[in-house]
Amino acid sequence: MNPSKAKQNESLDFIRKIITEDVKNNKYNRQIMTRFPPEPNGYLHIGHAKSIYLNFGVAEEFNGICNLRYDDTDPEKESMEYVESIQEDVRWLGFDWEDRLYFASDYFEQLYKFAVELIKAGKAYICDLSVEEIKEQRGTSDKPGIESPFRNRSVEENLDLFERMRKGEFKDGSRVLRAKIDMSSPNMLIRDPIMYRIKRVPHYRTGDEWVIYPSYDYTHGQSDAIEGITHSLCSLEFETHRPLYNWYRDQLLSLNMLKYCPEQIEFSRLNLTYTVMSKRRLLELVKKRIVSGWDDPRMPTLSGLRRRGFPPAAIRSFLDKVGISKRENYIDLSLLESCVREELDKKCNRVMAVLRPLKVIIQNYPEGKIEELEAPNHPKDSSMGSRKIPFSRTLYIEQDDFLEDPPRKFYRLSPGREVRLRYAYYIKCVGLVKDETGEIKEVHVTYDPETKGGFAPDGRKVKATLHWVAADQAVRAEARLYDRLFLKENPLEDADFLKTINPQSLDVVTCLGEPSLAGASPGSRYQFERLGYFCVDSVDSSPENLVFNRTITLRDTWSRIKKS
RNA sequence: AGCCCCGUGGUGUAGCGGUUAUCACUUCGGACUCUGAAUCCGAUAACCCCAGUUCGAUUCUGGGCGGGGCUGCCA
């Protein structure tokens, strides 16, 4: 095991334990090989990230390699768009398949040859039954199936028919190639499963070269074997498929058609609270325009999370904490959020911006005067440098930071009270201006020139420090305030999951930011002090129209106190 | 219904014959603070049930019960 990665003091999950044993026993007599096998029929989401991280992670830890292989055996749903987005996402997560980019469709010819051998060995036959008949004759879980009348066709006839299937002599759905296993098996998958079906659908890679396509069960295991995969890691729903995986493999092994003997191991997939994960439902959100696309920042897709501003390192550390097991699980979204905050706290420059501006006029500050005040970019990491922020007579603070009639625990600005403006001065509220509806338009304050930089020479303390921006120098930008997409922990417990959509999952405001924000480049991340982490949108932001996505708020203890 | 899998605090996750049952997140306190952030400290809280094996079972065996998956010419 790679000593730098070996988690010697940590406990290993059951898959790593198995592999550790296999390595110790030199079971494979060669390097460990895994693969990430997406079907290019949708965008990757954080559930896939678990599989990517496991497969690539395990390979790295055991000095092995991990392939990227597309399981593209159903041309009706697959496309190049998905192939490309998947590669971008895997790279973004931090993994590299080097030159090992494979497609099951590249194995079609090989798979066909294997099938011919199985026919010759009397292990597969052409069945002329219709879809309905096959279904009927398969029986039920408590009743054995009926053997197909075509089950005992001669090898010659099967060979001839299979070849003609390939040549396109038969109608779609008129015949299939089935494995001859056991029609009375309690495992329904073993009752002579379909290996090939006729489908006159052009494939996004092989075009119209093929009119017959191999099924998943037949394809996947053989692709593993062809590539030399040692450990074929997949999710729990394939557990009942394992006997079939092994059957194809063992038949071909005994016919000397295979060199390698991969093994399938299943683990439980990731579920997240307040999130739906199935491709079908995500597609529905996109199609019904509930979100702006697969990469909408509220989506659990990797492209959505990326656009939202989640760092890949945060996703990896989240996955570390989630672990690998066979239990059904439902992870708290707050765990992911905590990993995101942890990562962003270390890496982001602090900056000041006001989301809901309230005008402040400093009565004793000279009109027209502008001071440049120094502010560190990170309170705990001086290596991240500092910048200058302009200060002037007219400023904006956050509406939430002023209350005319404050409750007992509120210690921000209110009439007569003194607070600090971050990295600037102490100010004291001396009056306010309201409009005819009674809404506060301006807060009038005085400042103490002695407190420049934010310290009082006489040592007097204030209870609060507020963020602010100078009115005339502020940069206007659009801020998209995102929140969780669903209101229920489990959106699916409602019959219609769309009914649990959070109507306030997106709030768009015009914010005012300090001048250093001008020209912020797409994808760059900041902490807006006291508010949260924001990321320049990679799609809609431009130098003229800055757009910030709120990745996540800061933990907000005050909002809890307020509620209670 | 059949087959397969799983069952440790609220959520994940370690431990696999003898432990004050681990760690993280959450929740609730407190300390500190030029972000009511971060950080630090503390608290609450768990072995599905019943038998059996054993001096001793969370750990082993059997049976229940509970949960999930599969039963597609999807993957």
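The sequence lines fix the lettering, A, B, ..., with proteins before strands; numbering per chain opens at 1.
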Under 4.0 angstrom, heavy atoms only, what part of the nucleic acid is [X] near: base, sugar-phosphate, or nothing?
X	answer
A:Gly454	base
A:Asp332	base
A:Arg191	nothing
A:Leu554	base
A:Ser325	sugar-phosphate
A:Leu466	nothing
A:Glu337	nothing

Please state whether the phosphate of [N], meaning OP1 or OP2, lies under 4.0 angstrom from any side-chain nitrogen or oxygen of [X].
X	N	answer
A:Arg555	B:U26	yes
A:Thr557	B:A37	yes
A:Arg327	B:U13	yes
A:Lys326	B:U13	no

Do A:Tyr411 and B:G36 have a side chain to base donor-acceptor pair shorter than 3.5 Å?
yes
Under the criterion salt bridge (Lys or Arg N to Asp or Glu O under 4.0 Å), which of A:Lys428, A:Lys461, A:Arg460, A:Lys463 is the partner of A:Glu418?
A:Arg460
With A:Asp401 as reference, evaluate A:Arg530, A:Arg417, A:Arg420 under the salt bridge (Lys or Arg N to Asp or Glu O under 4.0 Å) test and give the passing residue.
A:Arg530
Of the listed nucleotides (B:G36, B:G15, B:G7), which one gets closest to any side-chain atom of A:Ser11?
B:G15
Which value, in whole Å, describes the distance between the [atom1] atoms of nucleotides [N] and [M]?
N	M	atom1	result
B:C32	B:G18	P	44 Å
B:C3	B:G10	C1'	33 Å
B:A45	B:C40	C1'	22 Å
B:A24	B:A38	P	16 Å
B:G7	B:C49	P	14 Å

Where each pair must be Watson-Crick or G-U wobble with both distances under 3.5 Å, what dot-bracket representation of RNA chain B is obtained, with crossing pairs in [ ] and other-strand partners as |?
(((((((..(((.....[....))).(((((.......)))))....(((((..]....))))))))))))....
Contact letters for nucleotides 67-75 of chain B, in which S counts primed atoms plus P, OP1 and OP2 and B counts the base, heavy atoms under 4.0 Å
-SBSSSBBB
Residues in contact with RNA chain B, drawn from residues 345-355 of chain A - heavy-atom cutoff 4.0 Å
A:Asp345, A:Arg350
Of A:Leu421 and A:Glu342, the one whose nearest nucleotide on RNA chain B sits closer to the 5' end is A:Leu421
